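To start, the structure itself, in structure tokens.
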Amino acid sequence: MGRFRTLPQSFYRRPAELVARDLLGRYLVRDLDGSRLVLRIVETEAYLGAEDRASHAWGGRRTRRTSALFRDGGFAYVYLIYGMYHCLNAVTGDEEDGAAVLIRAGEALEGAALMKTHRSLIREPRPGDLAGGPGKLCQALAIDGGLNRTPLFEGSLRVTTGREVADSGVSIGPRVGIDYAGEAAAWPLRFCELGNREVSRPRP
DNA sequence: CGGAAGATCCACT
DNA sequence: GTGGATCTTCCGA
């Protein structure tokens with residue numbers, strides 16, 4: 001893994017849709033006590049901020065939960081959903097933008113056995129079981145609210161260069177689970193690696 | 001202040 | 001395909 005370099009904060013200080021596209025194929029590295037977990041990112045979604053009805057920052061909403069969204073790019077926004085699961089975002093752009101990229105799915109490159117333990121899987125995982133969804137991905141990497149507001153360009157959770165995806169291998173479509181968002185529900189802000197078995201449902 | 005819905009997942013039918 | 005788990009936030013009374 002020595003040839004992979006941690007992406008600098010400047011990587012994130014761009015529009016969310018560019019960062020979302022550019023995160024495909026990058027490696028999400030999680031250092032725990034004595035072990036390292038690595039997921040290759042295969043699915044992301046961009047959330048644009050105040051003008052995006054699907055975003056937690058819609059209309060400039062700012063609560064205790066969403067305050068991390070309004071930092072400058074490069075930090076993690078981790079929130080609890082349905083009272084049960086966590087979702088990992090990379091904040092993008094500049095301070096006050098409220099924009100971010102949701103990391104929705106990855107394929108395990110290192111530490112799959114430990115990820116399986118974190119996921120409490122009984123059976124041998126089928127494609128998509130280990131980290132094929134935002135909640136599963138956080139469980140697999142032991143990500144919870146303790147990592148909210150932490151940097152992704154240094155520290156125990158970070159993103160590195162990886163095996164990137166050519167434009168011909170990218171599928172772009174509407175985001176998942178935001179039917180309530182009016183016109184924004186149709187915006188093409190979900191990015192997947194075409195044909196990858198770890199991409200979550202609905203598969204493009 | 002109560003109810004509902006949510007960037008989800010799992011077990012069960 | 002359906003419903004339950006369980007917490008934050010929003011909205012109407």
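Since we're looking at a predicted model, the values are computed, not measured. Note that these values count all heavy atoms, side chains included, but never hydrogens, waters or copies made by symmetry. A note on names: the letters A, B, ... follow the listed sequences, proteins ahead of strands, and every chain is numbered from 1.
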* To do: Could you note down all residue pairs passing side-chain hydrogen bond (donor to acceptor under 3.5 Å, both in side chains) where residues 131-145 of chain A supplies at least one of them, sequence neighbours left out?
  => A:Arg119-A:Gln139

Value rounded to 0.5 Å, distance of [atom1] in [X] from [atom2] in [Y]:
| X | Y | atom1 | atom2 | result |
| --- | --- | --- | --- | --- |
| A:Leu141 | A:His118 | CG | NE2 | 8.5 Å |
| A:Leu102 | A:Leu137 | CG | CG | 9.0 Å |
| A:Glu45 | A:Leu189 | CD | CG | 8.5 Å |

Can you name the residues that form a side-chain contact (heavy atoms from CB on, under 4.5 Å) with [X], not counting sequence neighbours?
| X | result |
| --- | --- |
| A:Ala105 | A:Val42, A:Glu43 |
| A:Tyr79 | A:His56, A:Arg65, A:Tyr77, A:Ile81, A:Cys87, A:Asn89 |
| A:Glu96 | A:Arg62, A:Phe70 |
| A:Ile172 | A:Val170, A:Pro188, A:Phe191 |

For [X] and [N], what is the distance between atoms [atom1] and [atom2] respectively, to the nearest whole Å?
| X | N | atom1 | atom2 | value |
| --- | --- | --- | --- | --- |
| A:Ile81 | B:dC9 | CD1 | P | 8 Å |
| A:Asn148 | C:dT8 | CG | P | 13 Å |
| A:Tyr79 | C:dC10 | OH | C1' | 16 Å |
| A:Asp179 | B:dT8 | CG | P | 11 Å |

* Residues that A:Tyr47 engages under ring-ring contact (aromatic ring centres under 6.0 Å, His included), provided they are two or more places apart -> none

Got a sec? Which of [range] come in under 4.0 Å of DNA chain B, heavy atoms?
| range | value |
| --- | --- |
| residues 119-146 of chain A | A:Arg119, A:Gly133, A:Pro134, A:Gly135, A:Lys136 |
| residues 40-71 of chain A | A:Tyr47, A:Ala54, A:His56 |
| residues 84-101 of chain A | A:Tyr85, A:Asn89 |

* Assign A:Ile178 to base, sugar-phosphate, or nothing according to its heavy-atom contacts below 4.0 angstrom with the strands shown. => sugar-phosphate

* To do: Show your reasoning for whether side-chain contact (heavy atoms from CB on, under 4.5 Å) applies to A:Thr92 and A:Arg14.
  => CA-CA 6 Å; A:Thr92 62; A:Arg14 298 180 290 156; over 6 Å; no

* **Of all pairs that satisfy salt bridge (Lys or Arg N to Asp or Glu O under 4.0 Å), the ones with a partner from residues 155-176 of chain A, not counting sequence neighbours** => A:Arg21-A:Asp167, A:Arg26-A:Glu164, A:Asp31-A:Arg158, A:Asp52-A:Arg175, A:Glu107-A:Arg163

* Structure fact -> For A:Glu124, the side-chain hydrogen bond (donor to acceptor under 3.5 Å, both in side chains) test, sequence neighbours excluded, returns A:Lys116

* Would you say A:Arg190's side chain and A:Val176's backbone share a donor-acceptor pair under 3.5 angstrom? -> no

* Where does DNA chain B pair, written as one dot-bracket string 5' to 3', with Watson-Crick or G-U pairs under 3.5 Å, ( ) inside the strand, [ ] for crossing pairs and | for another strand? -> ||||||.|||||.

